[in-house]
Amino acid sequence: MKFSRSVALLAWAVPALGSTYQVKETHFVPRGWNAVGSAPEDHRIELHFALKQSRFDELEKSLYDVSSPGHPRYRQHLSQEEVHELVKPTDETLGLVEEWLGSHGVDVHGLDYTPSKDWFTVTLPVDTVERLLNTKYSVYEHEDGTQLVRTPKWSLPEHLHDHIESIQPTTSFFRPRKEGRQFKIADELASFSANAIAEAQVENPTVDTVCNATAVTPLCLRTLYGTVDYTIQAHGKNKIAINNFLNETANHSDVNIFINTYRPEAKGFNFTTFIVNHGDDQQTPDTPEQLEDGKDIEANLDAETIIGISYPTKLYTYNTAGTPPWKPSAGSDSDTNEPYALWLKYVSSQSDDVLPQTISTSYGDEEQTVPRSYAHSVCKRFAALGARGVTVLFASGDSGVGSNGTCVSNDGRNRTQFIPEFPSSCPYVTSVGGTMDFKPEVVAFNERNGYVSGGGFSNHFERPHYQEKAVKGYVEGLDGLHDGLFNKHGRAYPDLAAQGRAFAVVWNGSVHAVDGTSAATPAAAGVITLVNDALVAAGKRPLGFLNPWLYAEAHKTFTDITSGSSFGCNTSGFPAQTGWDAVTGFGTFNFEELKDLALSK
Ligand SMILES: *[C@@H]1O[C@H](CO)[C@@H](O)[C@H](O)[C@H]1NC(C)=O
Ligand SMILES: *[C@@H]1O[C@H](CO)[C@@H](O)[C@H](O)[C@H]1NC(C)=O
Ligand SMILES: *[C@@H]1O[C@H](CO)[C@@H](O)[C@H](O)[C@H]1NC(C)=O
Ligand SMILES: *[C@@H]1O[C@H](CO)[C@@H](O)[C@H](O)[C@H]1NC(C)=O
Ligand SMILES: *[C@@H]1O[C@H](CO)[C@@H](O)[C@H](O)[C@H]1NC(C)=O
Ligand SMILES: *[C@@H]1O[C@H](CO)[C@@H](O)[C@H](O)[C@H]1NC(C)=O
Ligand SMILES: *[C@@H]1O[C@H](CO)[C@@H](O)[C@H](O)[C@H]1NC(C)=O
Ligand SMILES: *[C@@H]1O[C@H](CO)[C@@H](O)[C@H](O)[C@H]1NC(C)=O
């Protein structure tokens, strides 16, 4: 049976396409997953193809040109059309891929392309996909009971290898998680004083009077980072967005309670939701199971934090579907867990006047569960957003250098190593670490829920030029500490930090404290949005991709965090130190100085 099928495949492949199948990608099945059977015959797979972008090198050069102060093109961001020209595949790529699919009976008119045609999706029966990719899918089950249909290896006709970057779901076992941890709070916090906050608003707030480490509020963040006296001027033009994955949705009722309590002048403010691929926008009370899961804590945290800082700047939420678990027994016919692909497809289609200038994402996963080709495909699409002038922020993770007992390589060798996170490890995004306390701020952690602000070095991406000097200096300063546990030549993160511990969040009608780089990331996004507001109001272009400017000069305006460490993997992790470090980056914001520097460009 097997034999006759591969004969049939060859009979098709050779004459029609002129080349034989070669393995395109193998990926070790991550620990915790086991094959439990073959894919059901009636299973259908929504396949996402990333095609080779014809002029990515030019796109990357443009990204760096428009993001590097001193370059003649600094902040001359590309239009959507210009970016599409650079990322669209060649006619040859499109022709060969469609010819191959057509020869397998796939209706090429049914391919769902992005406007720039560098991604497309198509839903096919599993046996067709197995023939196309000369592979065999299985049902894999995680120790936690989650099931996925995946394969550790797939192939393509040789002549397509340079035209197709990645195809998923094949080898990808990643499961983005929320970088936030709620912890049970003392009862008094619930009443933590709306009154005190309201009173403090009318006086001259200082960090001493408005910041309390048991409940970090917008007034505290605005006072600490110096935005409290800033008046928004360009909120009609300047926009900010958050990403909601995993069915997270910001609850309007909770957000309103938060606003009335912590930012009363924002009363009546509302945000706009883009539903991507039938994403969730539940506004009815959570079910008992959803309450148990803490559904919407993350989305509420993100929206509330941003409104608290950047009100009345327009806020968008992207609610993108595409999550496991896939339950074969439930008769579900598709298990997509490709939220980035779906979201990138959506956002890259948004026109220049809709696209937000800042996007905050509080999700990530172990880099080693994300196949290299897929990580590169996604990372390149973040570069395209940066080239269009978007600051793309990701949380650096909540497990230090890796959770104790999980620090094993997924390369067949089971080496002990630190566990970097994706997408923070992508060099075209800005990664945000977490701090706590105020005078001084130190690396955030919480023994009660195992939270430690994350940081590290990529195994998928090389160190980009812009951070060469800062990171080299840091690695040399480590003087051999943790040698062999991390890739000294990898893209290092985070790039900067913000408060990330015990944020006051309204959820399920009452105040809760939430920890995480999930809190730090929207806080950082809120401050950056105000810098963009000042730029746009002055008739200038927004910051866009932050890192080249940050590492070249903007870091001088940051408060250096020098105390604490990203412990994990049974080690002390990376220490915070003078200058850049792999746990707080360059540190935290001084808004006035950063804004003035930005305006001087
Ligand atoms: C911080 O808030 C807690 C809880 O309301 C309170 O007990 C404590 O006294 C406050 N600390 C300061 C320094 O105000
Ligand atoms: C998302 O919602 C869908 C539909 O209610 C449900 O089947 C799925 O399990 C949910 N996923 C997560 C991660 O909560
Ligand atoms: C905010 O927008 C949502 C969705 O458009 C709507 O249901 C809700 O009533 C609005 N809330 C306020 C306070 O305007
Ligand atoms: C780390 O500590 C955990 C719990 O104490 C232990 O199970 C594990 O073997 C340790 N791992 C290493 C690499 O030392
Ligand atoms: C690595 O660990 C996995 C799962 O624990 C095990 O199946 C495999 O045999 C190990 N490989 C090596 C080379 O030790
Ligand atoms: C959610 O709110 C309801 C109603 O106030 C309350 O009974 C319940 O205990 C709350 N659940 C959680 C997990 O906070
Ligand atoms: C969401 O909003 C509804 C009212 O629209 C409220 O009854 C419910 O408790 C909220 N859910 C959560 C989880 O906060
Ligand atoms: C991880 O291990 C370190 C050192 O062995 C220990 O100090 C720390 O408490 C552990 N963390 C957790 C969350 O168990």
Side-chain angles (χ1 to χ4, degrees), residues 26-36 138 140-144 152 173 177 179 181 183 241-242 244 249-276 279-285 296 299-300 303-304 306-307 311-319 366 368-369 397-419 434 443-456 481-482 485 501 506 509 515-517 564-575 583:
T26 58
H27 187 75
F28 285 90
V29 176
R31 277 156 60 94
W33 290 97
N34 289 298
V36 295
S138 301
Y140 288 86
E141 186 169 293
H142 191 263
E143 284 158 3
D144 70 9
F173 285 82
R177 56 177 179 248
E179 306 288 12
R181 301 182 189 205
F183 60 95
I242 58 171
N244 291 327
T249 180
N251 185 296
H252 286 284
S253 157
D254 288 338
V255 171
N256 285 339
I257 297 171
F258 180 90
I259 287 173
N260 294 341
T261 311
Y262 295 113
R263 195 79 208 255
E265 72 269 35
K267 200 176 175 126
F269 180 80
N270 212 345
F271 54 89
T272 302
T273 297
F274 296 116
I275 304 288
V276 182
D280 186 84
D281 192 23
Q282 177 183 328
Q283 295 295 332
T284 51
D296 299 345
N300 286 4
E304 292 170 1
I306 284 175
I307 294 168
Y311 162 80
T313 306
K314 200 172 198 28
L315 171 66
Y316 294 151
T317 77
Y318 296 98
N319 294 10
E366 292 183 12
Q368 64 176 355
T369 69
D398 292 349
S399 307
V401 290
S403 302
N404 289 349
T406 69
C407 303
V408 180
S409 69
N410 185 38
D411 58 359
R413 292 191 281 160
N414 297 351
R415 289 174 299 125
T416 300
Q417 64 164 31
F418 291 164
I419 304 294
V443 175
F445 71 95
N446 186 351
E447 281 162 356
R448 291 154 75 190
N449 55 20
Y451 162 54
V452 183
S453 181
L481 182 69
H482 308 318
L485 295 176
R501 168 85 205 268
V506 173
D515 291 341
T517 50
S565 199
S566 63
F567 47 88
C569 297
N570 295 14
T571 74
S572 56
F574 293 115
V583 55

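In listed order, ligands and their atoms are each counted from 1.
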Quiz item: Residues in ring pair (Phe, Tyr, Trp, His ring centres under 6.0 Å) with F258, at least two apart?
Solution: Y262
Exercise. Give a yes or no answer on whether the side chain of N319 reaches the backbone of I275 with a donor-acceptor pair at less than 3.5 Å.
Key: no
Quiz prompt | Enumerated ligand 3 atoms positioned under 4.0 Å from heavy atoms of N256 | solution = 13 (C)
Quiz item: For ligand 3, does Q283 get within less than 4.0 Å through its side chain, its backbone, both, or neither, judged by non-hydrogen atoms?
Solution: neither
Quiz prompt | T273 and ligand 3 - part of the residue with a heavy-atom distance under 4.0 Å | solution = neither
Exercise. Search all heavy atoms of Q283 against all heavy atoms of N251 and return the closest pair with its distance.
Key: OE1-CA, 3.4 Å
Self-check item: R31 backbone acceptor or donor facing E143 side chain under 3.5 Å
Solution: no
Quiz prompt | Nitrogen or oxygen of N270 less than 3.5 angstrom from that of ligand 3 | solution = yes
Quiz item: Any sub-3.5 Å donor-acceptor pair from T517's side-chain atoms to S453's backbone N or O?
Solution: no
Quiz prompt | S572 vs H482 side-chain heavy atoms within contact, under 4.5 Å | solution = yes
Quiz item: If you count the atoms of ligand 8 from 1 in the order shown, which ones are under 4.0 Å from a heavy atom of N404?
Solution: 1 (C), 2 (O), 3 (C), 8 (C), 10 (C), 11 (N), 12 (C), 14 (O)
Quiz item: Would you say the side chain of P152 lies within less than 4.5 Å of the side chain of Y140, judging by non-hydrogen atoms?
Solution: yes
Quiz item: Is K267 paired with E265 through a side-chain N to carboxylate O contact shorter than 4.0 Å?
Solution: no
List, for ligand 5, each N/O atom that has a protein N/O partner under 3.5 Å away, with both atom names and the distance.
residue	atom	partner	partner atom	Å
ligand 5	2 (O)	N414	OD1	3.4
ligand 5	2 (O)	N414	ND2	2.4
ligand 5	11 (N)	N414	ND2	2.9
ligand 5	14 (O)	N414	ND2	3.2

